[in-house]
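Working notes for the structure below.
Every number for a ligand or one of its atoms is a count from 1 in the order of the listing.
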Amino acid sequence: MEEHLRFATAYWHSFCADGTDPFGSATMDFPFRKSDAYANAIAKADAAFEFFTKLGTPYYCFHDVDASPNSEDPSVYEKTLGKVSDELLARQKASGIKLLWNTANVFTHPFYMNGAATNPDFNVVARAAVQVKNSLDVNVKLGGQNYVFWGGREGYMSLLNTDMKREQEHLARFLTMARDYGRSIGFTGTFLIEPKPMEPSKHQYDYDAATTIGFLKNWGLDKDFKCNIEANHASLAGHTFDHDLQVCADNGMLGSVDANQGDSINGWDTDEFPTDVYSTTLAMLVILRNGGLGNGGLNFDAKRRRNSTDLEDLFIGHIGGMDSFALGLEVANNIIEEGLFDSFVKERYASFDTGDGKKFEAGSMDFATLAALGKTVQIEKRSGKQEYLNNLLNSYLFG
Ligand code: XUL
Ligand code: CO
């Protein structure tokens, strides 16, 4: 279980987000907080590593400005991040906690209101490179296993002011340059793109797994990049979590997971702690059949509800999330070991295992022959057995 459940805690939700939403101010108390920005970063690091250690999550993830204060002056930003990351390294060494991934927040600052790598202004593209370069440097220093790009504002709001083709070319150029830089400084891990269809942009370029994989293949980035699939992003794209995981697995590009869940009643990214064991079971089925996540993991990109204001609620959320994935893993393992679903699916496609179906699959039949065969075949009605399979899944979950 330890090998498959490589849990990570997200710095941003756990130690930065204070409950502020568009309708209300902060609700959460962070007793570690200090008024001086640098002292605050160090106190936050202490609190974070104390939390990781007590909770037992072996990995963590952060954006540059979650851990280290941002600055309008890039050289101050760079110097401070260098110092804070030395402090993180010392705490990693002392605790044994490792970095699953880090990333650059190139979406919050007003500079990035029209995008980062896809900004119509070259100066902003270059400014984004400062943060990504520094974040890659920090990754190598901290022995990060992956590096994430989430393109929150890499998309557009209106075609009336947007050259979409040019923006996507710029994104590919930026990612290629970042990849080459990362490799040149010794980053051997996986670059990850985290798809999301919208919010904050309307038409986000990394819409879902299929779109992202098509983009990466189109630009020859598919050897270095994989996907980081977030459950709530998949649902915003109109997919299930396991659908987007399966798309990645089928393409050999399942890198890592942002483990959370959305709310089926509203249409935005609620980033809830995962408790839906149906969803975690179906996710773990894909992950196990994929042979695991390799150097990826399960990062709780999840936050307490705004009114969950006890400090212990942060523990309770993570513990429930870990238990839900652990139960999902056990059930998925039982399903795979007994093989009932696998044999049902195999049998469903059996007409492609022999004879003309096999020739079709192998590419050794032309289209006229296929159409000629179509005139002679007898088609039998065969049930897809959806209700039976749903009941079977329930029997694995509930006995
Ligand atoms: C936003 C989101 C991000 C990424 C990292 O929806 O999921 O926190 O995981 O930038
Ligand atoms: Co995420």
In this structure, is the centre-to-centre distance between the rings of [Y] and [X] below 6.0 Å?
X	Y	result
F52	F49	yes
H170	Y205	no
F51	F315	yes
W150	F107	yes

Legend entry - Protein N/O/S atoms closer than 2.8 Å to the Co ion (ligand 2):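 Atoms qualifying: E194 OE2, E230 OE1, D258 OD2, D301 OD2.
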Inset, instruction - Could you list who else is in V124's hydrophobic cluster, with ILVMFWY side chains joined at under 4.5 Å, directly or through other members? - result: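 Reading the cluster by chain and number, V124 sits alongside V106, F111, Y112.
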Legend entry - Beyond-backbone contact of K196 with D269, side-chain heavy atoms, under 4.5 angstrom: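 SC-SC contact between K196 and D269 confirmed.
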Legend entry - Student check: side-chain heavy atoms of K141 and D137 closer than 4.5 Å: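 Counting from C-beta outward, K141 and D137 never come under 4.5 Å.
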Which pairs of N or O atoms, one from ligand 1 and one from the protein, are separated by less than 3.5 Å, and what is the distance for each pair?
unit_1: ligand 1; atom_1: 6 (O); unit_2: K196; atom_2: NZ; d: 3.0
unit_1: ligand 1; atom_1: 6 (O); unit_2: H233; atom_2: NE2; d: 2.9
unit_1: ligand 1; atom_1: 6 (O); unit_2: D269; atom_2: OD2; d: 2.9
unit_1: ligand 1; atom_1: 7 (O); unit_2: E194; atom_2: OE2; d: 2.7
unit_1: ligand 1; atom_1: 7 (O); unit_2: E230; atom_2: OE1; d: 2.7
unit_1: ligand 1; atom_1: 7 (O); unit_2: H233; atom_2: NE2; d: 3.3
unit_1: ligand 1; atom_1: 7 (O); unit_2: D301; atom_2: OD2; d: 2.8
unit_1: ligand 1; atom_1: 8 (O); unit_2: W12; atom_2: NE1; d: 3.3
unit_1: ligand 1; atom_1: 8 (O); unit_2: D301; atom_2: OD2; d: 3.3
unit_1: ligand 1; atom_1: 9 (O); unit_2: E194; atom_2: OE1; d: 2.7
unit_1: ligand 1; atom_1: 9 (O); unit_2: E194; atom_2: OE2; d: 2.9
unit_1: ligand 1; atom_1: 9 (O); unit_2: D258; atom_2: OD2; d: 2.9
unit_1: ligand 1; atom_1: 9 (O); unit_2: D301; atom_2: OD2; d: 2.9
unit_1: ligand 1; atom_1: 10 (O); unit_2: H63; atom_2: NE2; d: 2.7

Inset, instruction - For the pair Y147 and F149, name the ring-plane relationship: parallel under 30°, tilted 30 to 60°, perpendicular over 60°. - result: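 Aromatic pair Y147/F149 classed perpendicular.
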Side-chain donor-acceptor distances from residues 297-306 under 3.5 Å, at least two apart:
unit_1: N299; atom_1: ND2; unit_2: D258; atom_2: OD1; d: 2.9
unit_1: D301; atom_1: OD1; unit_2: W12; atom_2: NE1; d: 3.0
unit_1: D301; atom_1: OD1; unit_2: H13; atom_2: NE2; d: 2.7
unit_1: R304; atom_1: NH1; unit_2: S308; atom_2: O; d: 3.3
unit_1: R304; atom_1: NH1; unit_2: D310; atom_2: O; d: 3.3
unit_1: R305; atom_1: NH1; unit_2: T270; atom_2: O; d: 3.2
unit_1: R305; atom_1: NH2; unit_2: T270; atom_2: O; d: 2.7
unit_1: R305; atom_1: NH2; unit_2: D271; atom_2: O; d: 3.1
unit_1: R305; atom_1: NH2; unit_2: K303; atom_2: O; d: 3.0
unit_1: R306; atom_1: NE; unit_2: G19; atom_2: O; d: 2.5
unit_1: R306; atom_1: NH2; unit_2: S25; atom_2: O; d: 2.5

